[in-house]
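Reading through the structure tokens given below for one structure.
In what follows, every heavy atom counts, from backbone to side chain, and hydrogens, waters and symmetry copies are set aside.
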Amino acid sequence: QVQLVESGGGLVQAGGSLRLSCVVSGRTASNYAMGWFRQAPGKDREFVAAITWNGGRSAYADSVKGRFTISRDNAKNTLYLQMNSLKPEDTAIYYCAATFSLTATRPPILTESEYNYWGQGTQVTVAS
């Protein structure tokens with residue numbers, strides 16, 4: 001069973017930065033494609049960023065492109081999300097997700113329903 005634990009959320013001023021981490025336990029992280037999603041109050045959960053199992057390719061929502069960077073360190077079983085130039089509209093609970101994938105040609109997974117494992121979330125609040 002895969003377990004995901006996020007950390008790194010908090011309160012930050014607009015324009016600031018945060019780095020989220022997601023530690024994978026129970027299985028080897030390198031066997032899994034992973035992604036970040038977020039859910040703001042009163043809104044549906046939405047895609048933020050995704051990365052292939054080997055970190056070779058990544059994808060981003062238009063709203064975060066150029067400001068957020070997804071990366072992974074499979075030796076540490078950890079997924080990251082570096083968030084720069086944060087805006088109040090980035091305020092949300094951020095979730096990491098994983099799904100088994102060793103297909104070399106499969107692109108980053110953007111669809112929530114394709115992920116089998118989810119963390120409990122970490123709150124990010126951006127003050128204006």
Side-chain angles (χ1 to χ4, degrees):
Q1 184 75 0
V2 176
Q3 293 181 326
L4 309 176
V5 178
E6 304 98 332
S7 63
L11 173 64
V12 64
Q13 293 293 316
S17 298
L18 282 174
R19 188 194 197 199
L20 305 184
S21 298
C22 173
V23 176
V24 180
S25 62
R27 291 290 187 271
T28 302
S30 59
N31 292 342
Y32 294 84
M34 300 191 71
W36 289 98
F37 291 76
R38 67 185 181 186
Q39 186 169 22
K43 296 187 177 181
D44 292 335
R45 190 156 57 185
E46 65 175 5
F47 167 76
V48 175
I51 192 167
T52 52
W53 67 272
N54 62 355
R57 286 185 287 175
S58 57
Y60 298 90
D62 287 343
S63 59
V64 306
K65 202 170 293 184
R67 300 188 297 123
F68 290 12
T69 302
I70 188 172
S71 63
R72 64 191 297 162
D73 185 339
N74 286 339
K76 295 182 179 180
N77 272 5
T78 303
L79 175 74
Y80 302 101
L81 185 68
Q82 178 66 43
M83 305 186 295
N84 298 329
S85 303
L86 282 161
K87 305 175 181 179
E89 51 264 43
D90 294 319
T91 294
I93 299 173
Y94 284 71
Y95 299 90
C96 71
T99 191
F100 185 80
S101 176
L102 287 179
T103 304
T105 57
R106 188 176 188 183
I109 300 169
L110 282 59
T111 307
E112 182 177 345
S113 61
E114 294 193 65
Y115 286 95
N116 303 119
Y117 304 100
W118 293 83
Q120 83 290 347
T122 185
Q123 176 71 47
V124 172
T125 303
V126 184
S128 57

Going by heavy atoms in the side chains, are [X] and [Y] under 4.5 Å from each other?
X: N54; Y: R72; result: no
X: F37; Y: L110; result: no
X: V24; Y: L79; result: no
X: V124; Y: L20; result: yes
X: W36; Y: M83; result: no

Quick check on the hydrophobic clustering: are I51 and Y80 connected, directly or via other members, by side-chain heavy-atom contacts under 4.5 Å?
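Different clusters: I51 never reaches Y80 through Ile, Leu, Val, Met, Phe, Trp or Tyr contacts under 4.5 Å.
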Please check if M34 and F68 belong to a single hydrophobic cluster, counting links between Ile, Leu, Val, Met, Phe, Trp and Tyr side chain heavy atoms closer than 4.5 Å.
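Yes, one cluster joins them.
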Give a yes or no on whether the backbone of [Y] and the side-chain of [X] come within a donor-acceptor separation of less than 3.5 Å.
X: E6; Y: Q120; result: yes
X: T91; Y: V126; result: yes
X: R57; Y: R106; result: yes

List the atom pairs, donor and acceptor, that lie under 3.5 Å between side-chain atoms in residues 92-100 and the rest of the protein, sequence neighbours left out.
from	atom 1	to	atom 2	distance (Å)
Y94	OH	R38	NH1	2.9
Y94	OH	D90	O	2.6
T99	OG1	E114	O	3.0
T99	OG1	N116	OD1	2.8

Looking at [atom1] of [X] and [atom2] of [Y], how far apart are the two atoms once the value is rounded to the nearest 0.5 Å?
X: K87; Y: S128; atom1: NZ; atom2: OG; answer: 14.0 Å
X: I109; Y: W53; atom1: CD1; atom2: CH2; answer: 13.5 Å
X: T122; Y: L81; atom1: OG1; atom2: CG; answer: 11.0 Å

Shortest non-hydrogen contact from [X] toward [Y]:
X: T69; Y: Y60; answer: CA-OH, 3.4 Å
X: S85; Y: S17; answer: N-OG, 4.3 Å
X: S58; Y: I70; answer: CB-CG2, 3.6 Å
X: N74; Y: S30; answer: ND2-CB, 3.5 Å
X: S21; Y: T78; answer: CB-CG2, 4.2 Å
X: Y115; Y: A50; answer: OH-CB, 3.7 Å

Take atom NZ in K43; do more than 12 heavy atoms of anything else shown fall under 6.0 Å from it?
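Result for NZ/K43: open.
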Under the side chain to side chain contact (heavy atoms under 4.5 Å, CB included) criterion, do F47 and T111 qualify, and how do the steps go?
CA-CA 7 Å; F47 167 76; T111 307; over 6 Å; no
